[in-house]
S.K.: 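Once you've had a glance at the structure underneath, I'll fire off some questions.
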Number of protein chains: 2
Amino acid sequence: MVAANWNAYEAECPTRAVLDRIADKWTVLLLGLLAERPMRFNELRRHVDGLSQKVLSQTLKSLERDGLVTRRAFATVPVTVEYSITPLGASLAETTNALRLWAEAHMDTVVASQAAYDRRGADA
Amino acid sequence: MVAANWNAYEAECPTRAVLDRIADKWTVLLLGLLAERPMRFNELRRHVDGLSQKVLSQTLKSLERDGLVTRRAFATVPVTVEYSITPLGASLAETTNALRLWAEAHMDTVVASQAAYDRRGADA
DNA sequence: CCGCATCCTTACCGATACTG
DNA sequence: CAGTATCGGTAAGGATGCGG
């Protein structure tokens, strides 16, 4: 079986919930990092500017639950925890990376469009 | 000039704001619809189950401001308003469609992973 | 070092009512 | 038909302190 009749345009479809999770700013940024190499908790935190430890914790837990990321704890002192991407997560990371790269590539155009839009509305 | 040194991992970078907007459930669904053909306001509303008229209005305004969607009003009675995608929006829609299709394609795997995760935590 | 628990603020969102 | 305006609940998110 290859395809199912999932349809994200229906509110009750579970696809909607998953789409809501993966179409998330932090998910995109974290998958982008973990697609390159495994990282530890505070390492991720340092790489993503503005991400609080609380939200990072929540996001990683969701990613782990969805099978996109694997968490491994080492009984060192103090504890070392490593997060790595799964094959499923890697397949998603290709798409989310495309999203991030689109944003970085078209920023100039978007910013210009915003400025033009705001100018038009300024003379109200 | 082709590339700039935008980096979405920095909080102050405007890319961050744009990423936050396009990595959005409703944006993904709306761009998917408008990539196929122009649509009217209530037509979009009917196609996206669970999307309130208020949020639709906000989202369309943001998309228009970012230059991803064009709004055209016709002086009929009652007023007719048509939303269509721009070339910039179309280029983004390719990526966001990939995101939606990924969700629909891998739902079974994700749901299974969630169930396994919840089972492990159940015996706490 | 890796988190969880708590408090508290805020911004999001749905529901409703009303205009062009 | 295509919105705007207002209100109220809710849940996300920052700050802080503690525990494994």
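Convention: sequence-line order gives letters A, B, ...; per-chain numbering from 1.
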S.K.: Of all nucleotides in DNA chain C that come within under 4.0 Å of a heavy atom of chain A, which is furthest toward the 5' end and which toward the 3' end?
M.R.: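 Span of nucleotides near chain A: dC1(C) to dC7(C).
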S.K.: Going by the rule ring-ring contact (aromatic ring centres under 6.0 Å, His included), which residues pair with W26(B) if we only count those two or more places apart in sequence or in a different chain?
M.R.: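 Applying ring-ring contact (aromatic ring centres under 6.0 Å, His included) to W26(B) gives none.
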S.K.: Going through the checks in order, is the side chain to side chain contact (heavy atoms under 4.5 Å, CB included) test met by L34(B) and L44(B)?
M.R.: CA-CA 9 Å; L34(B) 293 174; L44(B) 288 166; 3.9 Å; yes
S.K.: Can you name the side chain to side chain contact (heavy atoms under 4.5 Å, CB included) partners of S62(A), sequence neighbours left out?
M.R.: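 If we apply the side chain to side chain contact (heavy atoms under 4.5 Å, CB included) test to S62(A), skipping adjacent residues, the hits are R21(A).
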S.K.: Does the Y117(A) side chain pair with the main chain of D66(B), one donor and one acceptor, at a distance under 3.5 Å?
M.R.: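 Flag not set: sc Y117(A) to bb D66(B) has no pair under 3.5 Å.
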S.K.: Output all residues satisfying side chain to side chain contact (heavy atoms under 4.5 Å, CB included) with T86(A), sequence neighbours left out; order by chain, then residue number.
M.R.: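 Partners of T86(A) under the side chain to side chain contact (heavy atoms under 4.5 Å, CB included) test: T70(A), L88(A).
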S.K.: Applying a 4.0 Å non-hydrogen cut-off, can you work out what F74(B) is touching in the nucleic acid: base, sugar-phosphate, or nothing?
M.R.: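 Contact class for F74(B): none.
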S.K.: Using only side-chain N and O atoms of Y83(B), determine if any of them is under 4.0 Å from OP1 or OP2 of dC1(D).
M.R.: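 No.
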S.K.: Sequence neighbours left out, what pairs pass ring pair (Phe, Tyr, Trp, His ring centres under 6.0 Å) with at least one residue falling in residues 90-110 of chain A?
M.R.: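 As it turns out, the ring pair (Phe, Tyr, Trp, His ring centres under 6.0 Å) pairs with a partner in residues 90-110 of chain A, which skip direct neighbours, are W102(A)-H106(A).
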S.K.: With a 4.5 Å cut-off on side-chain heavy-atom distances among I, L, V, M, F, W and Y, is there a chain of contacts connecting L56(B) to V79(B)?
M.R.: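 Yes, one cluster joins them.
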S.K.: Measure the angle between the two terminal helix axes of the helix from dG3(C)-dC18(D) to dG20(C)-dC1(D), five base pairs each, and quote it to 10°.
M.R.: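 If I round to tens, the end axes sit 40° apart.
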S.K.: Contact class for R71(B) (heavy atom, under 4.0 Å): base, sugar-phosphate, or nothing?
M.R.: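 Contact class for R71(B): sugar-phosphate only.
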S.K.: Got a sec, which pairs hit side-chain hydrogen bond (donor to acceptor under 3.5 Å, both in side chains) with one end in residues 37-46 of chain B, sequence neighbours left out?
M.R.: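 Qualifying pairs, neighbours excluded: R37(B)-E43(B).
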S.K.: Going by side chain to side chain contact (heavy atoms under 4.5 Å, CB included), name the residues that satisfy it together with A73(B), two or more places apart in sequence or in a different chain.
M.R.: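 Applying side chain to side chain contact (heavy atoms under 4.5 Å, CB included) to A73(B) gives R71(B), V81(B).
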S.K.: Any residue in residues 50-68 of chain A with a heavy atom nearer than 4.0 angstrom to DNA chain C? Just list them by number, or reply none.
M.R.: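 Nucleic-acid contacts, sorted: Q53(A), K54(A), S57(A), K61(A).
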S.K.: Sort and list the pairs that fulfil salt bridge (Lys or Arg N to Asp or Glu O under 4.0 Å) and have at least one residue in residues 47-60 of chain B, not counting sequence neighbours.
M.R.: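 Passing the test, one end in residues 47-60 of chain B: no pairs.
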S.K.: Rounded to the Å, how far apart are R40(B) CZ and dC1(D) C1'?
M.R.: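 The answer, rounded to whole Å, is 8 Å.
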S.K.: Sequence neighbours excluded, which residues qualify as side chain to side chain contact (heavy atoms under 4.5 Å, CB included) partners of E94(B)?
M.R.: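 Applying side chain to side chain contact (heavy atoms under 4.5 Å, CB included) to E94(B) gives none.
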S.K.: Taking all non-hydrogen atoms of both residues into account, name the closest pair between G32(A) and R100(A) and its distance.
M.R.: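 That closest heavy-atom pairing would be CA-NH2, 4.2 Å.
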S.K.: Is there a side chain to side chain contact (heavy atoms under 4.5 Å, CB included) between L30(A) and L51(A)? Walk through the geometry before answering.
M.R.: CA-CA 10 Å; L30(A) 290 174; L51(A) 173 56; 4.3 Å; yes
S.K.: Pull out every residue in residues 13-34 of chain B that has a heavy atom closer than 4.0 Å to any atom of DNA chain D, ordered by number, or say none.
M.R.: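 Within residues 13-34 of chain B, no residue comes under 4.0 Å of DNA chain D.
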